[in-house]
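In what follows, a single structure is set out as C-alpha cells and then discussed.
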Amino acid sequence: DRGVGLSLDAESELVLPLLRAEVTSQTHAKRPTRHQPASASGSDIVLAAALQARNNARVVVVGSLEAFTDEFADMDTSVGKRSGNADFAVAVASWAFKERGLLRGSNVHHHKVGETEQQSLYRVMDEILYHVDI
C-alpha cells in the first residue's frame, strides 16, 4: 500500500510505460469505472509512465512519491547491492525536464536540388536538399 498502479491505454502512441510491476503483483480499484478495470495483475500494472505530447511537452506520472525519496534512493537489494532507484529517479527527471532525450540541430541550410542558393519559399513539387547537424 505504498502507491498506486497505473493502467495505460494500449492504443496510445504518446504514452510509454517506464516501469512495470513484478509478474506476481496485483491491484484492485476501489471504484471501477467503464474506463478503469476492477483489477489488474503482473506486467499490466505500470508503476511509472511517460507522455510526450505532439507539441513535445513532457509529463511523467509515478504511482508513489516515495520513489523520489532519499530512503528509496539509498535502498539496497536483497543481495546487498545498491538498487537502481536513484539512477531511475535522475533519468526520469532528466528526461522530463528535457535534459536528456532531446536532439538539438544546428547549421541548418536547404536549397533546391541542382542549386546552391537557399530560398525562403519552395513549391510543393520542388525537390530540396535539407542539411542539419545533430
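Interatomic distance, CG of Asn55 versus CD of Gln52, reported as 9.0 Å (0.5 Å rounding). Taken to the nearest 0.5 Å, the CG atom of Leu51 stands 10.0 Å off from the CG atom of Leu8. To the nearest 0.5 Å, atoms CG (Leu129) and NE2 (His109) are separated by 9.0 Å. From Arg123, atom CZ reaches atom CD1 of Ile128 across 14.0 Å, with rounding to the nearest 0.5 Å. Here the OG atom belonging to Ser94 is positioned 6.5 Å from the CZ atom belonging to Arg100, to the nearest 0.5 angstrom.
Residues Tyr122 and His110 place their aromatic rings such that the two centres sit under 6.0 Å apart.
Linking ILVMFWY residues whenever their side-chain heavy atoms come closer than 4.5 Å, directly or via other members, places Leu47 and Phe68 in the same cluster. Each of Leu16 and Phe88 belongs to its own hydrophobic cluster when Ile, Leu, Val, Met, Phe, Trp and Tyr are linked at side-chain heavy-atom distances under 4.5 angstrom. Hydrophobic clustering (side-chain heavy atoms under 4.5 Å, transitive across Ile, Leu, Val, Met, Phe, Trp, Tyr) keeps Leu19 apart from Phe72. In the hydrophobic cluster analysis, where Ile, Leu, Val, Met, Phe, Trp and Tyr join through side-chain heavy atoms closer than 4.5 angstrom, Val59 is grouped apart from Phe97.
Of the possible donor and acceptor atoms, none in the side chain of Asp133 sits under 3.5 Å from a partner among the backbone N and O of Asn107. Side-chain atoms of Thr69 come within 3.5 Å of backbone N or O of Glu66 as a donor-acceptor pair. When atom types are taken as modelled, the side chain of Ser83 and the backbone of Asp76 share no donor-acceptor pair closer than 3.5 angstrom. Of the possible polar contacts, one joining the Arg58 side chain to the Trp95 backbone as a donor-acceptor pair under 3.5 Å is found.
Residues Ala96 and Val60 approach most closely at CB-CG2, 3.8 Å, considering heavy atoms. Residues His131 and His111 share a closest heavy-atom pair of NE2-NE2, 4.1 Å. Contact detail for Ala67 and Val62: the closest heavy-atom pair is CB-CG1, 3.9 Å. Smallest separation of non-hydrogen atoms from Val46 and Arg20: CG2-NH1, 3.9 Å.
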Apply side-chain contact (heavy atoms from CB on, under 4.5 Å) to residues Leu6 and Ile45 and explain how you reach the verdict. CA-CA 6 Å; Leu6 309 170; Ile45 303 169; over 6 Å; no
Could you walk me through whether Arg82 and Asp87 pass the side-chain contact (heavy atoms from CB on, under 4.5 Å) check? CA-CA 10 Å; Arg82 184 173 170 259; Asp87 295 335; 3.9 Å; yes
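Residues Gln119 and Lys112 are in side-chain contact: their nearest non-hydrogen atoms beyond the backbone lie under 4.5 Å apart.
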